[in-house]
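The basis for the numbers below is simple: all heavy atoms, side chains too, and nothing from hydrogens, waters or symmetry mates. In the text below, chain A, chain B and the rest are named by the order of the sequence lines, each starting its count at 1.
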2 protein chains.
Amino acid sequence: MGTTQLEAVPEPKYWHLKNVIGEALDSEFAVGEILPNERELAARFGVARATLRQALEQLELEGRLQRRRGVGTTVAPPRVGVDVSTTQHVWPGVGEDTWQAVDGVAGQAPLAVARLLDVRSAESVHIVRRLRVSAGLPVAAELLYVPELSVPGLTATDAAGGPAGARAVLRELQRLTLDGQDRSVELGSARADDARELDRLPGSPVLVVTTRYLSGGRTAAVSVATYRADTCRLTFGDSGDLAMAS
Amino acid sequence: MGTTQLEAVPEPKYWHLKNVIGEALDSEFAVGEILPNERELAARFGVARATLRQALEQLELEGRLQRRRGVGTTVAPPRVGVDVSTTQHVWPGVGEDTWQAVDGVAGQAPLAVARLLDVRSAESVHIVRRLRVSAGLPVAAELLYVPELSVPGLTATDAAGGPAGARAVLRELQRLTLDGQDRSVELGSARADDARELDRLPGSPVLVVTTRYLSGGRTAAVSVATYRADTCRLTFGDSGDLAMAS
DNA sequence: AAGTGGTCTAGACCACGCG
DNA sequence: GCGTGGTCTAGACCACTTG
């Protein structure tokens with residue numbers, strides 16, 4: 001009875017730390033400014049480096065910090081709004097400057113994609129690799145899976161081999177009538193190859209946008225685009241611009 | 001010269017571990033099955049517990065595992081597709097069973113929301129708290145910010161106090177004509193109160209869906225909905241159902 | 001009370017970017 | 001070569017759930 005419980009809910013140290021640093025970020029740091037290094041920060045707050053890192057990880061997840069090995073930790077700019085609205089209803093690669101074709105190969109779709117395509121998982125499909133660039137920085141890497149059935153006027157050698165092959169597939173795809181598309185967004189972690197192209201470490205959090213392109217009652221193509229979760233805010237608006245900047 | 005470098009690219013242990021366990025999950029475990037505990041797994045793989053945990057964290061981020069303190073680690077079911085398509089163009093709370101009103105209070109919007117509402121940050125707004133339930137489980141917690149200007153026929157006492165007040169605000173809002181809406185999705189970490197309602201730990205990854213409701217050339221309301229990133233896949237489709245289930 | 005995952009420590013070494 | 005963040009260890013204790 002005698003003791004009044006002042007700290008009834010002892011919140012974790014890293015959580016408290018995250019909030020403290022977050023507030024400091026708002027008031028005492030400018031975008032792009034570099035923070036003291038982790039060993040220094042840990043010492044300053046009187047915690048182990050691992051605990052300090054847990055706080056920084058959260059802030060990076062929220063897009064407020066950017067950490068680069070060999071360089072340091074900097075204050076991140078506000079997230080970029082990236083338009084992924086589905087209202088345009090066009091095939092990938094039509095009025096293009098946002099996406100650039102990187103490569104085209106023949107291969108087989110992963111199981112989950114094969115199901116969406118309604119294709120035997122061992123069956124060979126065209127795979128087009130594209131990169132989305134915004135303001136000079138890569139924001140997304142895409143794998144576009146196109147069954148050979150969707151682009152009959154194309155040989156395997158046409159489709160393969162560098163950007164030219166990739167563009168050939170996109171061109172053939174655009175000859176079909178697009179009946180509709182649906183799209184989903186979920187959290188994922190970057191595969192090794194995507195991470196390399198996005199200039200991130202393997203496993204970093206990404207937003208995975210899966211789009212199914214419908215034509216003639218079939219799924220004509222499936223796109224799996226992985227967006228950097230730290231720097232991107234996906235926008236779907238009619239009016240597009242949900243600016244939160246100052 | 002003598003030694004041939006077989007492991008030219010030493011990938012991190014936790015990464016390799018993640019892949020090994022991930023494959024085991026596909027082949028040797030059923031949904032809902034509980035894994036051996038972390039100390040046991042770490043010993044079995046010959047790594048420190050922290051390293052093992054790093055691998056499990058990634059798998060949980062990808063929605064493949066579910067960990068609960070005091071209980072254990074279980075194999076997660078495939079993510080639930082949650083429809084968040086914007087095509088309906090309706091005010092929140094119209095043909096409702098997916099969302100349930102929890103509470104209504106008067107308060108002031110956080111800075112980022114105040115900017116979207118074009119409202120002085122100190123100005124009092126109605127705040128409606130809602131919970132989205134899918135298949136009996138909470139999947140999202142929402143804060144709906146409604147400036148008093150948008151619902152002039154409502155006193156502060158009408159709006160406050162439990163579910164009834166919340167529903168009063170929604171009802172008034174529906175009297176306006178909805179001109180449009182736009183929406184954005186980004187990664188965030190759960191605030192303490194959201195985490196509690198979603199049955200997660202504070203800071204767990206969430207998908208933050210911000211919706212702006214436009215009426216009469218103004219932003220009549222802003223909704224900030226946080227979805228559990230581990231269990232949810234947000235769908236935007238015309239045809240809605242992007243099922244990846246077996 | 002026992003067993004689980006969650007937090008935290010104090011160290012060590014590694015991989016990378018830059019001067 | 002030096003300083004940075006990234007990985008890893010071996011241990012301790014805490015918070016929670018369940019029998």
Side-chain angles (χ1 to χ4, degrees), chain A residues 5 7-19 21 32-61 65-76 189-190 192 195-196 199-205 230, chain B residues 5 7-19 21 33-61 64-76 189-190 192 195-196 199-205 230:
Chain A
Q5 195 78 358
E7 277 287 354
V9 197
E11 57 184 4
K13 253 185 208 179
Y14 76 88
W15 180 259
H16 183 233
L17 210 51
K18 188 205 100 174
N19 293 324
I21 298 176
E33 197 169 342
I34 60 176
L35 269 61
N37 71 52
E38 297 184 347
R39 291 161 179 86
E40 155 100 32
L41 280 176
R44 191 178 299 186
F45 287 108
V47 299
R49 192 177 155 221
T51 306
L52 185 270
R53 274 179 65 78
Q54 214 172 338
L56 295 187
E57 253 150 49
Q58 287 246 8
L59 288 167
E60 192 180 28
L61 200 77
L65 287 180
Q66 194 162 348
R67 304 187 306 174
R68 272 171 304 171
R69 166 151 54 176
V71 180
T73 302
T74 58
V75 180
S189 55
R196 200 175 339 102
D199 192 27
R200 300 256 61 200
L201 290 175
S204 23
D230 56 343
Chain B
Q5 195 78 359
E7 277 287 356
V9 196
E11 55 184 4
K13 255 185 206 179
Y14 76 88
W15 182 259
H16 182 234
L17 210 52
K18 187 204 102 174
N19 292 323
I21 298 176
E33 197 169 342
I34 61 175
L35 269 61
N37 72 52
E38 298 184 346
R39 290 159 180 90
E40 156 100 33
L41 280 176
R44 190 179 299 187
F45 287 108
V47 299
R49 191 177 154 219
T51 306
L52 184 270
R53 274 180 64 79
Q54 214 173 339
L56 295 186
E57 253 149 50
Q58 287 247 6
L59 288 166
E60 192 180 29
L61 200 76
R64 310 204 38 197
L65 287 181
Q66 194 163 345
R67 302 192 290 172
R68 273 171 304 170
R69 167 152 52 175
V71 180
T73 302
T74 58
V75 180
S189 53
R196 198 172 345 99
D199 193 27
R200 299 257 61 200
L201 290 174
S204 23
D230 55 344

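Between Glu11(B) atom CD and dC14(C) atom C1' there is a gap of 15 Å when expressed in whole angstrom units. In this structure, Glu38(A) atom CD and dC16(C) atom P are separated by 17 Å, rounded to whole Å. With rounding to whole Å, Ile34(A) atom CD1 is found 13 Å from dG17(C) atom C1'. Summarising the geometry, the separation between OH on Tyr14(A) and C1' on dC8(C) is reported as 12 Å, rounded to the nearest angstrom. As rounded to whole Å, 14 Å separates atom P of dG17(C) from atom CD of Gln66(A). Separating the CG atom of Leu52(B) from the P atom of dT4(C) is a distance of 13 Å, rounded to the nearest angstrom. Atom NZ in Lys18(B) sits about 13 Å away from atom P in dT7(D), given to the nearest Å. The distance from atom CD of Glu40(A) to atom P of dT4(D) is 9 Å, rounded to the nearest whole Å.
A donor N or O paired with an acceptor N or O is not found under 3.5 Å between the base of dG3(D) and the side-chain atoms of Arg39(A). Side chain Arg49(B) to base dG6(C): a donor-acceptor pair is found below 3.5 Å.
The side chain of Thr51(A) contributes an N or O atom lying less than 4.0 Å from OP1 or OP2 of dT9(C). Applying the 4.0 Å criterion to OP1 and OP2 of dG6(D), one finds that Arg53(A) has a side-chain N or O inside that range. Distances shorter than 4.0 Å separate none of the side-chain N or O atoms of Thr73(A) from OP1 or OP2 on dT4(D). The phosphate of dG6(D) (OP1 or OP2) has no side-chain N or O of Lys13(B) nearer than 4.0 angstrom.
Using a 4.0 Å heavy-atom distance criterion, Leu201(A) is classed as a sugar-phosphate-only contact. Within the 4.0 angstrom heavy-atom criterion, only backbone atoms of the sugar-phosphate kind lie near Arg68(B); the bases stay farther away.
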### Query
Would Ile34(A) and Val71(A) satisfy side-chain contact (heavy atoms from CB on, under 4.5 Å), going step by step from the backbone distance to the final call?
CA-CA 9 Å; Ile34(A) 60 176; Val71(A) 180; over 6 Å; no

### Query
So Leu35(A) and Val75(A), side-chain contact (heavy atoms from CB on, under 4.5 Å) or not? Walk me through it.
CA-CA 8 Å; Leu35(A) 269 61; Val75(A) 180; 3.7 Å; yes

### Task
Determine, stepwise, if the pair Gln58(A) / Trp15(A) fulfils side-chain contact (heavy atoms from CB on, under 4.5 Å).
CA-CA 9 Å; Gln58(A) 287 246 8; Trp15(A) 180 259; 4.2 Å; yes

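Residues Pro202(B) and Asn37(B) each lie close to DNA chain C; by heavy-atom proximity, the contact nearer the 5' end of the strand is made by Asn37(B).
Residue Arg68(B) qualifies as open at atom CZ: its count of foreign heavy atoms under 6.0 Å is 12 or below.
With dT7(D), dT9(C), dT18(D) as the choices, the nucleotide that has an atom nearest any side-chain atom of Ala50(A) turns out to be dT9(C). Taking the side chain of Arg67(A) as heavy atoms from C-beta on, and the options dC8(C), dG5(D), dG17(C), the nearest nucleotide is dG5(D). When distances are taken from the side chain of Arg69(A) to each of dT18(D), dA15(C), dT7(D), the shortest belongs to dA15(C).
A salt bridge does not link Glu57(B) to Lys18(B): none of the charged side-chain nitrogens sits closer than 4.0 Å to a carboxylate oxygen.
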